[in-house]
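Below is one structure; the comments refer to it alone.
Sequence lines set the chain letters: A, B, ... in the order given, protein chains first and strands last, and positions in each chain run from 1.
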2 protein chains.
Amino acid sequence: MGHNGLREPLRQLAASCSLPAALEAMGERWSFLILRGSFNGLCHFEEFQSELGIARNILANRLARLVDHGILARQTCDDDRRKVEYRLTEKGFALLPTMVALRQWGERWETGMPATPVLVDARDHRRIAPVQVMSHDGRILGKHDLLWSLPENVVGETVEQAAE
Amino acid sequence: MGHNGLREPLRQLAASCSLPAALEAMGERWSFLILRGSFNGLCHFEEFQSELGIARNILANRLARLVDHGILARQTCDDDRRKVEYRLTEKGFALLPTMVALRQWGERWETGMPATPVLVDARDHRRIAPVQVMSHDGRILGKHDLLWSLPENVVGETVEQAAE
DNA sequence: AACATTAAGTTGCGAAACGCTACTTATCTC
DNA sequence: GAGATAAGTAGCGTTTCGCAACTTAATGTT
């Protein structure tokens, strides 16, 4: 229940940049692994607990936080009202590119091998492509094709369009 | 210096999935923000400290960890040997898609506005596209186009190719 | 109805990590 | 040499983490 700690430094930064805001929701120790569980179809407390080996109180706290942030939705089962289902919301599902990018980085630079299970295109059962940074018209952008710019110097589209 | 805490649960999981391995390197509280600083050109201890408002001992610890993991490279300046430069390695730079994806998620679902500074295509100064999960041939894949699969059922390419 | 089982937490407490402030060390400037 | 600067380190109180045991409510069993 109780609103956990304040952590002012991150909140202050969050005003000017969205990364701290994102980390406020997802930055804690088990959040990404719980999310991965959700993407893989886990939805009950005990499933997460036994799959991840996380302490029960921490799991309860993380699930509550993810629900507070609208990343998971909590609903008690109709057929067995002891059980609770935690399911990804649209907002939670929108973290897929982030999670895949992080996983792919781990495969390439840490473990050196593909993670299990593998994410594939349902149509042809081929692995998805590496997640990359691309230009508005689909060119892959590398280290020297990128620039950090103030919003007022950006060409070509409004903020509204950019958000979509 | 001293090897910080053990945290066994994550390490055990890391054997079978690369996400825990990635989080082992990047999962701590300030790691992503330090990385963001690096991407934005910060490279000295005092720059990170004043920009992020992070405690000095924690900053020292995180920088050392990132160096240990090969994400940042530490080098003392030649012209002023009091100063130390922390620069992104290739491995560190490879976290760009992850960081951009997380930032974009925060823009869309948390702050509701573009983060500053904005990442643009150097060629035309237009904002980069949203980072997305795509098929091997460049189609954008949504919720219902994806499948989790065991590696042995994957079609079309070897592990070697997939890693690149 | 009585009793055991299951699911989802909660509580207590020791260990680890975090964060603040002050201190140290090496280097550079004057 | 005196002072300033850069990059840490040390001490110490607060918060979070993690383990194990306990609670609560719904369900199954006899």
* Asked: Does a distance-only test, which skips hydrogens and angles, find a donor-acceptor pair under 3.5 Å between the side chain of A:Asn61 and the base of D:dC17?
  -> no
When rounded to whole Å, the CD to C1' distance for the pair B:Glu85 and D:dG8 reads 17 Å
Among C:dG9, D:dA20, D:dT9, the one nearest any side-chain atom of B:Ala60 is D:dT9
Across all chains, not counting sequence neighbours, the side-chain hydrogen bond (donor to acceptor under 3.5 Å, both in side chains) partners of B:Gln75 are none
In whole angstroms, the gap separating C1' of C:dT27 from CD of B:Glu46 amounts to 13 Å
_D:dA7, OP1 or OP2 - any side-chain N/O from B:Arg74 closer than 4.0 Å?_
no
From the candidates D:dA7, C:dG19, D:dC17, the one with an atom nearest any side-chain atom of B:Lys83 is D:dA7
| task | Give B:Phe48 one of three labels, base, sugar-phosphate or nothing, depending on what nucleic acid heavy atoms sit under 4.0 Å from its own. | result | nothing
(request) Taking A:Asn40 for its side chain and A:Arg36 for its backbone only, find out whether a donor-acceptor pair lies under 3.5 Å. (result) yes
ask   = Would you say B:Arg56 reaches C:dA22's phosphate, i.e. side-chain N/O to OP1/OP2 under 4.0 Å?
value = no
Between A:Asn57 and A:Leu63, whichever has its closest DNA chain C nucleotide further toward 5' is A:Leu63
Separation between CG (B:Leu59) and CG (B:Leu33), nearest 0.5 Å, reads 11.5 Å
From CG of B:Leu59 across to C1' of D:dT9 the rounded distance in Å is 13 Å
Practice prompt. Check whether more than 12 heavy atoms from other residues, nucleotides or ligands sit under 6.0 Å from atom CD of B:Glu90, and answer yes or no.
Written response: no
B:Arg29 atom CZ is separated from D:dC17 atom C1', nearest whole Å, by 14 Å
Is it true that B:Glu110 and A:Lys91 have a side-chain N and a carboxylate O under 4.0 angstrom from each other? yes
From the candidates D:dG18, D:dA21, D:dA7, the one with an atom nearest any side-chain atom of A:Ile58 is D:dG18
Which atoms of nucleotides 25-29 of chain D (N or O only) lie under 3.5 Å from a protein N or O atom, and what are those distances?
{"unit_1": "D:dT27", "atom_1": "OP1", "unit_2": "A:Arg81", "atom_2": "N", "d": "3.1"}

A:Glu51 CD to C:dA7 C1', in whole Å, measures 17 Å
Closest of D:dA7, D:dT9, D:dG18 to the B:Phe45 side chain is D:dA7
Next item on the list: Ignoring backbone atoms, test whether A:Trp30 places a side-chain nitrogen or oxygen under 4.0 Å from the OP1 or OP2 oxygen of D:dG18.
Entry: yes
- prompt: Would you call the rings of B:Phe48 and B:Tyr86 parallel, tilted or perpendicular if under 30° counts as parallel and over 60° as perpendicular?
  reply: perpendicular
Open item on the list: Is the phosphate of C:dG9 approached by A:Tyr86 (side-chain N or O, under 4.0 Å from OP1 or OP2)?
Closed with: yes
To the nearest angstrom, the CD-C1' distance between B:Glu24 and C:dA17 comes to 14 Å
*Has the side chain of B:Ser18 got a donor or acceptor atom that lies under 3.5 Å from a matching backbone atom of B:Ala21?*
no
Rounded to whole Å, the CD1-C1' distance (B:Ile34 to D:dG8) equals 14 Å
In whole angstroms, the gap separating P of C:dT21 from CD of B:Gln49 amounts to 11 Å
More than 12 foreign heavy atoms under 6.0 Å from CZ of A:Arg81: is that the case here? no
